[in-house]
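Convention: sequence-line order gives letters A, B, ...; per-chain numbering from 1. These numbers were taken from a predicted model, which means no experiment stands behind them.
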Amino acid sequence: MGLEQAKNYSCEDVYGSLQLFELQKPQLEKLALWSLFADLEGPLIPVLSRMERAGIEVDMDLLSALSAEFAEKLEKLKGEIYALAGEEFNINSTQQLGEILFEKLKLPRGRKTKTGYSTDVKVLERLAAQHELPGLILAYRNLAKLKSTYIDKLARLRHPDTGRIHTSFNQCGTATGRLSSSNPNLQNIPVRSEEGQRIRSAFVAAGGCLLLSGDYSQIDLRVLAHYSRDEALLEAFRNGEDIHRRTAAEIFFVSPELITPEMRRVAKTINFGIVYGMSSYGLASQLQISRKEAQTFIDRYFEHYAGVRKFMEEIIARAHEQGYVTTLLGRRRQLPEINSRNRTKREFAERTAINTPIQGTAADIIKLAMLRVDRELREQKLAARMILQIHDELVLEVPKKELDVTRDLLQQAMETVMELAVPLSVNLTVSQNLGKA
DNA sequence: ACAATGGTCC
DNA sequence: ACTCGGACCATTGTA
């Protein structure tokens, strides 16, 4: 492209942006959204831009080795699957898989989908007790997913000049105010499985640097405590308690020391479910218990955290009146179906009315923290730089010499950026790579 | 090109 | 019949 063309093109972009600005400023002011833009979202733009351009280093040798290893294991699994099925078929096709499992092998069919048999992980796990094949399918899917979505995709997106991976952070794509990440999505890099951890290990710090990450502890539930001013929730966080353990103690009527891992797991599911506006039905299917048992847990939860119930009722009532909900910084989400006569639609909107102020406020908080971290890093002339945001977590690439000062800076910035009715708590991790070990 | 299904993260 | 909030992406199979 010639200079003349480049000039016209870029000036048109600038002019168009200015016109949009002048059009939208009064609209934002009318909705009391101007300061959200002027003080948060606007200033965040250059921060995100710097993060995108910084990118993150990936150990391509490790990634290639993983790719080869996974390919080999997949070939082997494929052979075993064909042998067990008695024929070759496309394992990736849910349709063909369903025919093998439920027609040829006559395994008991579970749920069905719009188009046929469901073959999702829940169904296959149940079937695994009766036949060898479903377990192999699960193993195959696990590896195939990691290989295609993460390993091979990352290799293709490595920038030829920087040798690093440069995601795109979308600032205005979500309904709640969260960021999203694409090409590649670096906000859903595997973390739970062991193979996932090996992929994470390929995300490494640059030479002479370490990765420093700070993640908010239970930010959603702390925001809920702030909104609801529920006494028990406030007390738990002010005392630095393990909130899932505390919830377990309350719903099982057992003292906290006697909580088993299983009881804690149930309580954790409930705590998450609460934030999502979960029903007894949802909890039952999640925990594989009866609806009645689920309802008992929920009843006990609200008995203990009575302020939470009140908050939920009030936020739903307000959503019905106003037709929208807002976050602590005034971010706003319209809920056009909140007064729908269709029960399913209306109830969905009601769950959204509960979840959005919580998730959205958490997003407000970490965005504010990003502004502060970026500003302080530059003010203090540090070479450390923010490279990732994963909803409740910030990842920095830090020269080893700057580690001590940056550690304090990050924790301080994240914990004090907003004052809630409960303290914000941040856990720091320093590592050579994003993996666990 | 698009819907359906399935799966990864917070 | 309902199935818990917010995202992105791969693959199959049909259009």
Please confirm whether the shortest side-chain N or O distance from [X] to OP1 or OP2 of [N] is below 4.0 Å.
| X | N | answer |
| --- | --- | --- |
| A:K145 | C:dA10 | no |
| A:N90 | C:dT12 | yes |
| A:S118 | B:dG6 | yes |
| A:T149 | C:dA10 | no |
| A:R200 | B:dC9 | no |
| A:S93 | C:dG13 | yes |
| A:S279 | C:dC4 | yes |
| A:R192 | B:dT8 | no |
| A:S182 | C:dA7 | no |
| A:R343 | C:dC2 | no |
| A:Q96 | C:dG13 | yes |

Side chain of [X] only, please: which of [options] is the nearest?
| X | options | answer |
| --- | --- | --- |
| A:Q286 | C:dA7, B:dG7, C:dC4 | C:dC4 |
| A:T174 | C:dG6, B:dG7, C:dC4 | C:dG6 |
| A:T352 | C:dG6, C:dC9, C:dC8 | C:dG6 |
| A:T94 | B:dG6, C:dG6, C:dT11 | B:dG6 |
| A:S180 | B:dG7, C:dC4, C:dA7 | C:dA7 |
| A:N142 | B:dG6, C:dG5, B:dT8 | B:dT8 |
| A:T119 | B:dG6, B:dG7, C:dG13 | B:dG6 |
| A:D392 | B:dT8, B:dC10, C:dG5 | B:dC10 |
| A:D120 | C:dC9, B:dC10, B:dG6 | B:dG6 |
| A:T115 | B:dT5, C:dG6, B:dG6 | B:dT5 |

How would you label the contact of [X] with the nucleic acid (heavy atoms, under 4.0 Å): base, sugar-phosphate, or nothing?
| X | answer |
| --- | --- |
| A:F348 | sugar-phosphate |
| A:G273 | base |
| A:V275 | nothing |
| A:I358 | nothing |
| A:S181 | sugar-phosphate |
| A:D220 | nothing |
| A:E347 | nothing |

Could you tell me how far apart [X] ([atom1]) and [N] ([atom2]) are, to the nearest whole angstrom?
| X | N | atom1 | atom2 | result |
| --- | --- | --- | --- | --- |
| A:K268 | B:dC10 | NZ | C1' | 12 Å |
| A:I137 | C:dT12 | CD1 | C1' | 15 Å |
| A:Y150 | B:dG6 | OH | C1' | 12 Å |
| A:K114 | B:dG6 | NZ | P | 12 Å |
| A:I91 | C:dA10 | CD1 | C1' | 16 Å |
| A:D215 | B:dC9 | CG | C1' | 14 Å |
| A:F89 | C:dT12 | CZ | P | 13 Å |
| A:I199 | C:dA10 | CD1 | P | 13 Å |

Report yes or no: is there a donor-acceptor pair, N or O only, under 3.5 Å between the side chain of [X] and the base of [N]?
| X | N | result |
| --- | --- | --- |
| A:Q187 | B:dC10 | no |
| A:R178 | B:dC10 | yes |
| A:N188 | B:dT8 | yes |

If you count every heavy atom of other residues, nucleotides or ligands that lies below 6.0 Å from [X] atom [atom1], does the total exceed 12?
| X | atom1 | result |
| --- | --- | --- |
| A:E132 | CD | no |
| A:K76 | NZ | no |
| A:R332 | CZ | yes |
| A:E72 | CD | no |

Under 3.5 Å, is there a donor-acceptor pair linking the side chains of [X] and [Y]?
| X | Y | value |
| --- | --- | --- |
| A:T247 | A:E250 | no |
| A:Q359 | A:H391 | no |
| A:T416 | A:R372 | yes |

Quiz item: A:Y117 ring centre to A:R109 NZ or CZ under 6.0 Å, with the angle to the axis within 45°?
Solution: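 Output no; distance or angle outside limits.
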
Self-check item: Rounded distance in Å between the P positions of B:dT5 and C:dC2
Solution: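 It comes out at 13 Å once rounded to the nearest Å.
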
